[in-house]
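Treat the numbers as computed from the prediction; the structure is a model and nothing was measured. As a basis for the values below, the full set of heavy atoms in this structure was taken, side chains included, without hydrogen atoms, waters or symmetry mates.
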Amino acid sequence: MDYLKLLCEDSSLAANFDALFDFFLLDEPTKRDEVEGRCTFSVDGVAFARDGAGGEYHQLEDGSIGYMSSEGECGRIAESVDDLIHLLVYSICWHDYCDASQYTDISTLEAYANERHDQIASYTEMDVWETVVQVLGMPLEANVAAELQKFYDAAHRASLYICYFHEDDGTVTESHNLFF
């Protein structure tokens, strides 16, 4: 399914998607925010969406999706646009699932996924969420732990997606990984 095309063509869907998942699709792919030329990246790509805090979603040259936060974290978050949309929809707030210690085994991950999902769903407009999911043609039920495992695997596969900050004194600082 071409989820980005659906979002581009339906402004109401795009507005609800942004409100739920903090994901604003740009009119067209653009140059990544390089902080006035002070950032370089380990993988070529373009920005195609932003979040409300100034983070950017990047379509990387290999088709995977990277993310750079306004706080200096950077990493790959999905292997494809479809995987990204599934992550956004089923985790609702992927930023809340970055505790690497919860990915040690499937039972720990499932418990973590269920606990976080229930907590996030308690303050999310789930009727709007259901409408968005149906318009996107996605099932209402999904294995959140499986989506999170794909996220974790994408973030940790070689080559890592890294941003390098070029400091005024000539030193280079590597971005923080998305997982802590």
J.: If you measure only the distance, is there a donor-acceptor pair under 3.5 Å linking the side chains of Glu167 and Thr173?
T.: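 Checked: Glu167/Thr173 side chains pair up, N/O donor to acceptor below 3.5 Å.
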
J.: Which heavy atom in Leu140 sits nearest to a heavy atom in Tyr90, and how many Å separate them?
T.: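 Nearest pair, atom of Leu140 first, then Tyr90: O-CE2, 4.4 Å.
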
J.: Pairing donors with acceptors under 3.5 angstrom, does anything connect the side chains of Ser80 and Asp82?
T.: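 Not at all, the side chains of Ser80 and Asp82 share no donor-acceptor pair under 3.5 Å.
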
J.: Can you confirm whether Lys150 sits close enough to Glu79 that some side-chain heavy atom of one is under 4.5 Å from a side-chain heavy atom of the other?
T.: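 Result no, sub-4.5 Å side-chain heavy-atom pair not found.
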
J.: Less than 3.5 Å apart, any donor N or O on the side chain of Ser101 or Asp99 sitting next to an acceptor on the other?
T.: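 Checked: Ser101/Asp99 side chains pair up, N/O donor to acceptor below 3.5 Å.
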
J.: Is a side-chain N or O of Trp94 found less than 3.5 angstrom from the main chain of Leu148, in a donor-acceptor match?
T.: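 Flag not set: sc Trp94 to bb Leu148 has no pair under 3.5 Å.
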
J.: Between His95 and Asp22, is any pair of side-chain heavy atoms under 4.5 Å apart?
T.: no

J.: Donor-acceptor check, side chain of Asp18 to backbone of Ala14, threshold 3.5 angstrom: yes or no?
T.: no

J.: Within a strict 4.5 Å, meaning less than it, do heavy atoms of the Val89 and Val133 side chains meet?
T.: yes

J.: Once rounded to the nearest 0.5 Å, what's the spacing between atom CD1 of Ile120 and atom CG of Leu20?
T.: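 Answer rounded to 0.5 Å: 12.0 Å.
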
J.: Measuring from atom SG of Cys93 to atom CG of Leu87, what distance do you get when rounded to the nearest 0.5 angstrom?
T.: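 CG of Leu87 is found 10.0 Å from SG of Cys93.
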
J.: Counting only N and O atoms by type, is there a donor-acceptor contact under 3.5 Å from the side chain of Arg38 to the main-chain atoms of Phe165?
T.: no

J.: Transitively linked via ILVMFWY side-chain contacts under 4.5 Å: Tyr152 with Ile106?
T.: no

J.: For Leu160, does its backbone N or O pair with a side-chain atom of Ser42 as donor and acceptor, under 3.5 Å?
T.: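 It does hold such a pair.
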
J.: Would the number of heavy atoms belonging to other residues, nucleotides or ligands and lying under 6.0 Å from CD of Glu71 be above 12?
T.: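 Check passes, neighbour count above 12.
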
J.: Looking at every heavy atom in both Trp129 and Ile92, which two are closest together, and how far apart are they?
T.: NE1-CG1, 4.0 Å

J.: Could you tell me which non-hydrogen atom of Tyr97 sits nearest to which non-hydrogen atom of Phe151, and how far apart they are?
T.: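 Closest approach of Tyr97 to Phe151, heavy atoms only: O-CE2, 3.9 Å.
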
J.: Is it the case that more than 12 heavy atoms not belonging to Phe41 sit under 6.0 Å from its CZ atom?
T.: yes

J.: Nearest 0.5 Å please: distance from the CZ atom of Phe21 over to the CG atom of Asn16.
T.: 9.5 Å

J.: Does Asp51 use its side chain to pair, donor to acceptor, with the backbone of Phe23 at less than 3.5 Å?
T.: no

J.: Between Leu88 and Phe17, is there a side-chain heavy-atom distance shorter than 4.5 Å?
T.: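 Side-chain contact under 4.5 Å: yes.
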
J.: Heavy-atom count check: over 12 atoms from other residues, nucleotides or ligands less than 6.0 Å from Glu28 CD?
T.: no

J.: Please give me the minimum heavy-atom distance between Ile65 and Val81, naming the atom from each residue.
T.: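 Looking at all heavy atoms of both residues, the shortest contact is CD1-CG2, 3.8 Å.
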
J.: Quick one: do the Asp153 and Gln149 side chains pair a donor with an acceptor below 3.5 Å?
T.: yes

J.: Tell me, do Ile162 and Cys74 make a side-chain contact under 4.5 Å, heavy atoms counted?
T.: no

J.: With a 4.5 Å heavy-atom cut-off, do Ile77 and Leu84 have their side chains touching?
T.: yes

J.: Could you tell me whether the side chain of Gln134 and the main chain of Met138 form a donor-acceptor pair under 3.5 Å?
T.: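 Pair absent, no side-chain N/O of Gln134 close to backbone of Met138.
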
J.: For salt bridge (charged side-chain N to carboxylate O under 4.0 Å, His left out), just list the numbers for Asp62 and Arg76, CA-CA rounded to whole Å, side-chain angles, deciding distance to a tenth of an Å, and then say yes or no.
T.: CA-CA 11 Å; Asp62 65 359; Arg76 186 178 285 105; 3.8 Å; yes

J.: To the nearest 0.5 Å, how far apart are OG1 in Thr30 and NE2 in His58?
T.: 10.0 Å

J.: Please check if the number of heavy atoms outside Asp118 that lie under 6.0 Å from its CG is greater than 12.
T.: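 More than 12 within 6.0 Å, yes.
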
J.: From Ser64 OG over to Arg157 CZ, what is the distance, rounded to the nearest 0.5 angstrom?
T.: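 With rounding to 0.5 Å, OG (Ser64) is 5.0 Å from CZ (Arg157).
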
J.: If we check ring pair (Phe, Tyr, Trp, His ring centres under 6.0 Å) with Tyr67, which of these qualifies: Tyr57, Tyr161, Phe179?
T.: Tyr57

J.: Kindly give the heavy-atom pair with the smallest separation between Glu56 and Asp33, and that separation in Å.
T.: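 Residues Glu56 and Asp33, closest heavy atoms: OE1-N, 2.9 Å.
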
J.: Is it the case that atom NE2 in His176 sees more than 12 heavy atoms from other parts of the structure closer than 6.0 Å?
T.: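 For His176, atom NE2 is not crowded (no more than 12 foreign heavy atoms under 6.0 Å).
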
J.: Identify the heavy atoms of Gln119 and Ser122 that sit nearest to each other, and give their distance.
T.: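 Heavy-atom minimum between the residues: O-OG, 2.5 Å.
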
J.: Is the shortest heavy-atom distance from the side chain of His86 to the side chain of Tyr3 under 4.5 Å?
T.: yes

J.: Atom CD of Glu73 and atom OG of Ser70: how far apart are they, to the nearest 0.5 Å?
T.: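 The distance works out to 8.5 Å.
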
J.: Grouping I, L, V, M, F, W and Y whenever their side-chain heavy atoms are under 4.5 Å apart, do Ile85 and Val128 come out in a common cluster?
T.: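 They do share one cluster, since a chain of ILVMFWY contacts under 4.5 Å joins Ile85 to Val128.
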
J.: Could you check if a side-chain atom of Val172 sits within less than 4.5 angstrom of a side-chain atom of Thr40, using non-hydrogen atoms only?
T.: no

J.: Identify whether Val46 and Met68 are in the same connected component of the hydrophobic contact network (ILVMFWY, side-chain heavy atoms under 4.5 Å).
T.: no

